[in-house]
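Below are the structure tokens for one structure; questions will follow.
Computed over heavy atoms, backbone and side chain alike; hydrogens, waters and symmetry mates excluded.
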Amino acid sequence: MDIEQLKIVFKEHFAELPDAIYTAPGRINLIGEHTDYNGGFVLPGAIDKGITLAIKATGYDRIRVADIIRAFSMDYIELSDMRLAQVEAPAQPWAKYIYGVVREFEKRIERVRGFDVVFYGDVPLGAGLSSSAALESAFAFALNDMYGYGLSKSELAKIGQATEHNYVGVKCGIMDQFASLFGKQGNLIRLDCRSLEHQYVPFNPVGYKLVLIDSRVKHELVNNPYNRRRESCEAAAAAIRKRHPEVEFLRDANFAMLEEAKAEISAEDYIRAEFVIGEVQRLLDACDALVKDDYETVGQKMYETHAGLSKLYEVSCKELDFLNDSAKKYGVTGSRIMGGGFGGCTINLVKESKYDAFIAGAVADYKAKFSIEPKVYDVVISDGARKIG
Ligand code: GLA
């Protein structure tokens with residue numbers, strides 16, 4: 001699908017041409033998992049897969065459709081008609097994201113105006129690549145730009161995150177939406193999730209490739225243990241805070257503080273916090289190693305993250321652990337579960353010289369074991385949300 005084709009589809013549905021085309025990407029994360037809602041650091045980058053939309057402002061036309069949003073999803077081949085005054089969320093799950101973004105805009109600006117939109121995506125769903133953040137960011141960016149609402153990109157990221165919290169039910173951190181909006185080609189983003197201060201870290205590991213292997217176990221964050229992980233972290237931080245009032249998030253805690261609070265928290269909360277405190281440090285160590293082009297250390301930290309996500313945070317599954325073992329077997333420099341967990345992809349940092357043997361071997365082994373062919377995605381670190389037509 002190219003821009004011209006998208007315009008034609010738009011015209012077929014709404015009889016006119018769109019005003020503009022926007023796109024926003026999914027993301028990878030090199031290291032720093034489940035640290036964002038603990039006020040810690042993450043190291044994501046935007047990818048070359050995303051949500052693309054063609055949109056037309058209708059909100060200036062007071063008589064006709066000022067109060068209406070008409071959205072057509074090309075992937076689901078469904079139309080959703082929403083009135084801006086409508087109180088209940090639309091029925092289609094995908095339309096809830098659009099509804100949520102619009103409602104969150106309304107909390108920040110005076111009046112949201114209507115629009116017609118057609119969109120499609122090429123971020124694999126349920127693979128941990130943040131297709132939902134791409135959707136939220138594409139709509140937030142497009143509305144803000146098209147109607148000149150003047151919100152900052154950080155505020156747009158918060159709109160996407162609040163959409164997840166209030167209309168989808170996932171109490172996620174800010175990483176995915178931030179990466180989708182702030183992504184920069186060839187760069188990772190070292191983001192402090194408390195202050196939202198961030199630096200771009202050029203990522204061009206000469207002699208290595210970043211590749212994702214998709215277990216094709218659907219990762220599903222709604223009504224699932226993701227929110228419970230967050231509650232555990234908050235309970236552990238609250239227990240530590242009794243002795244150390246300066247601890248706002250687990251990011252501020254250390255292992256000695258956690259040990260002091262051990263008797264006051266559940267064994268489960270303890271191991272969750274143990275993972276997070278270790279992960280915050282691992283990310284900082286990996287960043288130091290990156291600056292020195294020391295990819296062996298980065299890779300070792302990735303393996304440590306996987307072990308922690310599997311044994312302490314318990315967000316892995318047998319398929320992802322198998323893929324991680326495969327990476328070791330084929331001499332991959334670093335490998336781990338990426339994103340929220342419970343399925344989705346592993347991210348692998350692999351020497352170019354070992355790439356072909358790893359992909360062929362890991363795919364064949366996985367297929368032999370689980371009778372499913374895993375998907376392979378080469379990572380291309382790309383730009384964030386933008387207008388493309
Ligand atoms: C999901 C959430 C993010 C983050 C990751 C885990 O992708 O949306 O906010 O918590 O899981 O690092």
| said: Applying salt bridge (charged side-chain N to carboxylate O under 4.0 Å, His left out), can you list everything that pairs with Glu296, at least two apart in sequence or on another chain? | reply: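 Only Lys351 meet the salt bridge (charged side-chain N to carboxylate O under 4.0 Å, His left out) criterion with Glu296.
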| query | Cluster partners of Leu17, using ILVMFWY side-chain heavy atoms under 4.5 angstrom, listed by chain and number? | reply |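 None, because no other hydrophobic side chain comes under 4.5 Å of this residue.
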| Residues clustering with Phe249 (ILVMFWY side chains joined when closer than 4.5 Å, directly or via others) |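 Hydrophobic cluster check, Phe249: no partners found.
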| message | Please list all pairs meeting salt bridge (charged side-chain N to carboxylate O under 4.0 Å, His left out) that have one or both residues in residues 361-374, counting only residues at least two apart or in different chains. | response |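 Sorted pair list: Lys329-Asp365, Lys367-Glu373.
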| message | Restricting to side chain to side chain donor-acceptor pair (under 3.5 Å), what partner residues turn up for Gln5, sequence neighbours left out? | response |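 Counting only residues at least two positions away or on another chain, Gln5 forms no side chain to side chain donor-acceptor pair (under 3.5 Å).
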| task | Just jot down the ring-ring contact (aromatic ring centres under 6.0 Å, His included) partners of Phe322, sequence neighbours excluded, or say none. | result |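 Applying ring-ring contact (aromatic ring centres under 6.0 Å, His included) to Phe322 gives Phe370.
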| task | Output every pair passing side chain to side chain donor-acceptor pair (under 3.5 Å) with a member in residues 35-45, not counting sequence neighbours, ordered by first then second residue. | result |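 Qualifying pairs, neighbours excluded: His34-Tyr37, Tyr37-Tyr313.
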| Who passes salt bridge (charged side-chain N to carboxylate O under 4.0 Å, His left out) against Arg103, sequence neighbours left out? |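 Expected list: Glu106.
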| message | So, using side chain to side chain contact (heavy atoms under 4.5 Å, CB included) as the criterion, who are the partners of Asn254 when residues are at least two apart? | response |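 Ala256, Met257.
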| Results of side chain to side chain donor-acceptor pair (under 3.5 Å) for Asp325 - residues two or more places apart only |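 Asp325 satisfies side chain to side chain donor-acceptor pair (under 3.5 Å) with no other residue.
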Name every donor-acceptor pair, under 3.5 Å, that has one atom in a side chain of residues 75-82 and the other anywhere in the protein, sequence neighbours excluded.
from	atom 1	to	atom 2	distance (Å)
Asp75	OD2	Gly121	N	2.8
Glu78	OE1	Trp94	NE1	2.7

| By salt bridge (charged side-chain N to carboxylate O under 4.0 Å, His left out) - contacts of Lys242 (at least two apart) |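 With neighbours one apart ignored, the set is empty.
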